[in-house]
**Student:** 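What follows is a single structure, and I will ask about it in a moment.
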Amino acid sequence: MLIFQCVDKKLIKFLLVGLINTAVGAGVMFILYNLVNFNYWISSASNYIVGGIVSFFLNKYFTFKNHEKSLKQVLYFILTLAVCYVLSYLIAKRVVYMLLSTQSEKLRDNISMLTGMCLYTILNYFGQRLFVFAKKEVNNE
């Protein structure tokens, strides 16, 4: 099964890189939202702009050991991050707002951002592994 093929050393490395990205990106996100008073979307997007740059290089060379030099790969990476971000944070915000409708907007947004981070991690792993840094099959016919 596909899910079991993806649980290996690469997943562990991806999660380690994710810890670094989370520390940096989430720090930026929560500081911008709670201290600088930026809105939900700017704060959460800043997380992925900052973390995305670090993530690209760490995952490319450390996690997936990919040395391809390609603008196409960079564009796929950006596209993957953007799609994962929008899906994750849109779903998280809608679900959390529905489940916690009686709570303050600040609490709902903070929980939405945490939930969005979790969804993003799952979607992004599969996007990077199967789409961005996938090993090309060599056909020896």
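Quick caveat: nothing in here was measured; it's all calculated off a predicted structure.
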**Student:** OG of Ser112 to CD of Glu105: how many Å apart, nearest 0.5 Å?
**Tutor:** 9.5 Å
**Student:** Are Val54 and Val24 side-chain neighbours, meaning at least one heavy-atom pair lies under 4.5 Å?
**Tutor:** no
**Student:** Name the one of Gln73, His67, Gln128 that satisfies side chain to side chain donor-acceptor pair (under 3.5 Å) with Lys60?
**Tutor:** Gln73
**Student:** Cationic tip of Lys13 within the cone over Phe62's six-membered ring, i.e. under 6.0 Å and within 45° of the normal?
**Tutor:** yes
**Student:** Suppose the criterion is salt bridge (Lys or Arg N to Asp or Glu O under 4.0 Å): which pairs have a residue in residues 74-91, not counting sequence neighbours?
**Tutor:** none
**Student:** Verify the ring-centre separation between Tyr125 and Phe14: is it less than 6.0 angstrom?
**Tutor:** yes
**Student:** State, yes or no, whether a side-chain contact exists between Thr80 and Phe126 at a heavy-atom distance under 4.5 Å.
**Tutor:** no
**Student:** Are Val83 and Leu79 packed together at the side-chain level, in the sense that at least one heavy-atom pair is separated by less than 4.5 angstrom?
**Tutor:** yes
**Student:** Test your reading of the model: is there a side-chain donor-acceptor pair from Asn110 to the backbone of Lys106, 3.5 Å cut-off?
**Tutor:** yes
**Student:** With rounding to the nearest 0.5 angstrom, report the OG to CZ distance, Ser43 to Phe30.
**Tutor:** 9.5 Å
**Student:** Tell me whether Tyr40 contacts the main-chain N or O of Tyr89 through its side chain, where contact means a donor paired with an acceptor under 3.5 Å.
**Tutor:** yes
**Student:** Answer yes or no: is there a side-chain heavy-atom contact under 4.5 Å between Phe64 and Val132?
**Tutor:** no
